[in-house]
Amino acid sequence: METSFPVFKKPKVELHIHLDATIRPETVLHFAKKKNLQSSWFEDREAFLKSVVCSKPGSLTEFLSKFHYYMPAVVGDRDAVKRIAYEFVETKAAEGVIYVEVRYNPHLFANCKVDPLQFGQNEGDLTPEEVVQLVNQGLKEGEKDFNIKARSILCCLRHMPEWSPEIVELCKKYQNDTVVAIDLSGDEGLNGGISPGHLQAYEEAVRSCIHRTVHAGEAGPAAVVKEAVELLKAERIGHGYHTVEDPALYKRLLQMDMHFEMCPWSSYITGACDPDFTKHPLIQLKKDGANYSLNNDGPLPMGVSLETDYNIAKTYMGFTEEDFMRANLNAARSCFLPEEEKKQLLGVLYEAYGRNDL
């Protein structure tokens, strides 16, 4: 699906990508060796990719299971956390992205003040807050070295509502020190609705002027999107494919100019949408002039880069150069930067596109 020449050669903006799904295979293998981890998938790059990359449609649960293969190599390691963030910025710059918002849950990388510890770790001294500090350092150094602007979003996890109060406090403490928003990700079918821990965290986010996005309508139905908008006061929807199945809700969100963070290849791999890309909900959004962006979600377990998502949009969804420009301008005006920085970003895109009428 990758192409030799970029489908869209102009500057891009990306809003939906997970830090723990962007780790370079070489980096995983380096830290696996450092920790002396003995597993068949750590033998070499080929064996590693064969174990972790999803190449055909499955389920969101199957996709998420891949993280258990490689995260033990990097969690709890300060050098790894900072390096992952720095290399992420380098990768995005090489893809022509000039502004990116990367999301992650700091508790998954920590080995101290986390209950329960993740990925079979032993107790250490890396706290979730220090994880945020290390990611911030890596992003800032990457910005300086690769001429790109990078910000972060801290994720609550649907199956761990007890972590959410700390997540929103970290969002508040590091607001605009790379952190620009809060997110909720994970299995949408858990707990029969929004857990009190998540709801309270989002209510505090609203009070504290923390921007809000929510994974909704990916594996779950349109009702989860409605819940995200009405209860969590989401300003953007992560994925949101199944929104179109509720015409009234879809019309309402179009009128609200709700932003949809679309990830075409991801939706194929997780089984979120019909595997026939010519039937993808993104086509309906484009037709209706909706506010959406194109994003990769996670290149490591997906096995592809952002270029694949652009190639899919062009090949199967009829995207033109103008459609790509519009999607990136949508992303810029819906990003979580402060207004003045947002205006500057839009100005850079308008100049690069030679257009100010989109």
Side-chain angles (χ1 to χ4, degrees), residues 1-2 16-92 94-95 102-111 114 116-124 126 131 134-135 138 155 157 159-160 185-187 218-219 263 265-272 275 295-309:
M1 189 63 70
E2 298 284 86
H16 190 117
I17 187 163
H18 293 260
L19 186 64
D20 48 355
T22 69
I23 310 170
R24 293 176 179 174
E26 295 77 12
T27 300
V28 174
L29 296 178
H30 169 82
F31 287 101
K33 184 177 181 180
K34 177 182 175 181
K35 289 186 176 183
N36 196 30
L37 298 181
Q38 303 297 319
S39 294
S40 59
W41 52 83
F42 292 139
E43 289 178 0
D44 55 44
R45 192 176 192 276
E46 184 178 352
F48 174 72
L49 291 175
K50 186 176 180 180
S51 298
V52 304
V53 171
C54 300
S55 57
K56 57 184 179 180
S59 66
L60 181 59
T61 301
E62 181 183 349
F63 167 71
L64 294 175
S65 72
K66 297 297 185 178
F67 290 74
H68 292 269
Y69 283 81
Y70 64 85
M71 286 295 283
V74 298
V75 292
D77 190 301
R78 290 174 172 81
D79 292 339
V81 174
K82 183 178 176 181
R83 175 172 163 176
I84 290 164
Y86 178 84
E87 291 180 342
F88 165 77
V89 179
E90 181 180 26
T91 298
K92 288 292 116 182
E95 292 178 351
V102 63
R103 61 190 70 192
Y104 67 100
N105 174 273
H107 295 72
L108 295 181
F109 287 94
N111 60 12
V114 175
L117 285 173
Q118 301 295 297
F119 306 111
Q121 294 184 86
N122 295 320
E123 183 82 20
L126 180 58
V131 168
L134 290 165
V135 171
C155 292
L157 303 179
H159 68 290
M160 295 301 296
S185 63
D187 187 344
E218 179 185 12
C263 308
W265 181 255
S266 168
S267 70
Y268 171 78
I269 290 297
T270 63
N295 310 275
N296 179 249
D297 203 13
L300 176 53
M302 296 292 177
V304 301
S305 71
L306 182 60
E307 180 63 22
T308 292
D309 295 285

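Computed from a prediction, not measured in an experiment: that's the story for all the values here.
- Residue Asn111 comes nearest to Asn122 through the heavy atom pair CB-O, 3.7 Å, listed as atom of the first residue, atom of the second, then distance.
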Candidate pair Asn295 and Asp309, rule side chain to side chain contact (heavy atoms under 4.5 Å, CB included), full reasoning: CA-CA 7 Å; Asn295 310 275; Asp309 295 285; over 6 Å; no

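- Each of Thr61, Asp297, Leu60 was scored for a side chain to side chain contact (heavy atoms under 4.5 Å, CB included) with Thr270, with one residue passing: Leu60.
- Atom-to-atom distance recorded for Asp20:CG and Phe109:CZ is 5.0 Å, nearest 0.5 angstrom.
- Heavy atoms only, all atoms of each residue included: Gln121 and Ala110 are closest at NE2-O, 2.9 Å.
- Contact check for Asp79 versus Arg83: no side-chain heavy atoms found under the 4.5 Å cut-off.
- Contact of the Ile269 side chain with the Glu62 side chain is not registered, since no non-hydrogen atoms from C-beta on lie closer than 4.5 Å.
- At a threshold of 4.5 Å between non-hydrogen side-chain atoms, the residues Leu157 and Asn105 count as touching.
- At least one side-chain heavy atom of Val131 sits under 4.5 Å from a side-chain heavy atom of Tyr104.
- Judged by distance alone, the side chains of Thr27 and Glu87 do bring a donor and an acceptor atom under 3.5 Å apart.
- Considering every non-hydrogen atom in both Val81 and Val135, the closest pair reads CG1-CG2, 3.7 Å.
- Other residues, nucleotides and ligands place more than 12 heavy atoms under 6.0 Å from the NZ atom of Lys34.
- The side-chain heavy atoms of Thr22 and Pro299, taken from C-beta on, include a pair separated by under 4.5 Å.
- Within a 6.0 Å sphere centred on CD of Glu46, other residues, nucleotides and ligands contribute 12 heavy atoms or fewer.
- Atoms NE2 and SG, from His107 and Cys155 in turn, are 12.0 Å apart once rounded to the nearest 0.5 Å.
- Nearest heavy atoms, Ala21 versus Pro301: O-CD, 3.6 Å.
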Under the side chain to side chain contact (heavy atoms under 4.5 Å, CB included) criterion, do Gln118 and Met71 qualify, and how do the steps go? CA-CA 9 Å; Gln118 301 295 297; Met71 286 295 283; over 6 Å; no

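- The residues Lys35 and Asp77 are annotated as not salt-bridged, no charged nitrogen and carboxylate oxygen being separated by less than 4.0 angstrom.
- Using a 30° and 60° split on the angle between ring planes, Phe48 and Phe42 fall in the parallel class, below 30°.
- Aromatic ring orientation, His18 versus His16: perpendicular (interplanar angle above 60°, classes split at 30° and 60°).
- Contact of the Val74 side chain with the Ile23 side chain is registered, since non-hydrogen atoms from C-beta on lie closer than 4.5 Å.
- Nearest heavy-atom pair across Met302 and Trp265 is O-NE1, 3.2 Å.
- With rounding to the nearest 0.5 Å, the separation of CG in Leu306 from OG1 in Thr91 is 11.5 Å.
- A salt bridge links Arg24 with Glu90; the closest basic N to acidic carboxylate O contact falls under 4.0 Å.
- The aromatic rings of Tyr70 and Phe67 are tilted relative to each other, their planes meeting at an angle between 30° and 60°.
- Contact annotation: the side chain of Asn296 approaches that of Val304 to within less than 4.5 Å [non-hydrogen atoms, C-beta and beyond].
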Apply side chain to side chain contact (heavy atoms under 4.5 Å, CB included) to residues Glu123 and Leu117 and explain how you reach the verdict. CA-CA 8 Å; Glu123 183 82 20; Leu117 285 173; 3.7 Å; yes

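- A cation-pi contact links Lys66 to Tyr69, judged by a cut-off of 6.0 Å to the six-membered ring centre and 45° from its axis.
- Listed for the Ser39 side chain is no donor-acceptor partner under 3.5 Å among the backbone atoms of Trp41.
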Could you walk me through whether Phe119 and His68 satisfy the side chain to side chain contact (heavy atoms under 4.5 Å, CB included) test, starting with their C-alpha distance in whole Å, then the side-chain angles of each, then the deciding distance to 0.1 Å, before giving a yes or no? CA-CA 6 Å; Phe119 306 111; His68 292 269; 3.7 Å; yes

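- Here Leu29 contributes atom CG and Asp44 contributes atom CG; the two are 8.0 Å apart, rounded to the nearest 0.5 Å.
- Within the model, atoms OH of Tyr86 and CG of Leu134 stand 15.5 Å from one another, a figure rounded to the nearest 0.5 Å.
- Residues Arg78 and Leu126 have side chains in contact (heavy-atom distance under 4.5 Å, counting atoms from C-beta outward).
- With rounding to the nearest 0.5 Å, the separation of OG in Ser267 from CD in Glu218 is 8.5 Å.
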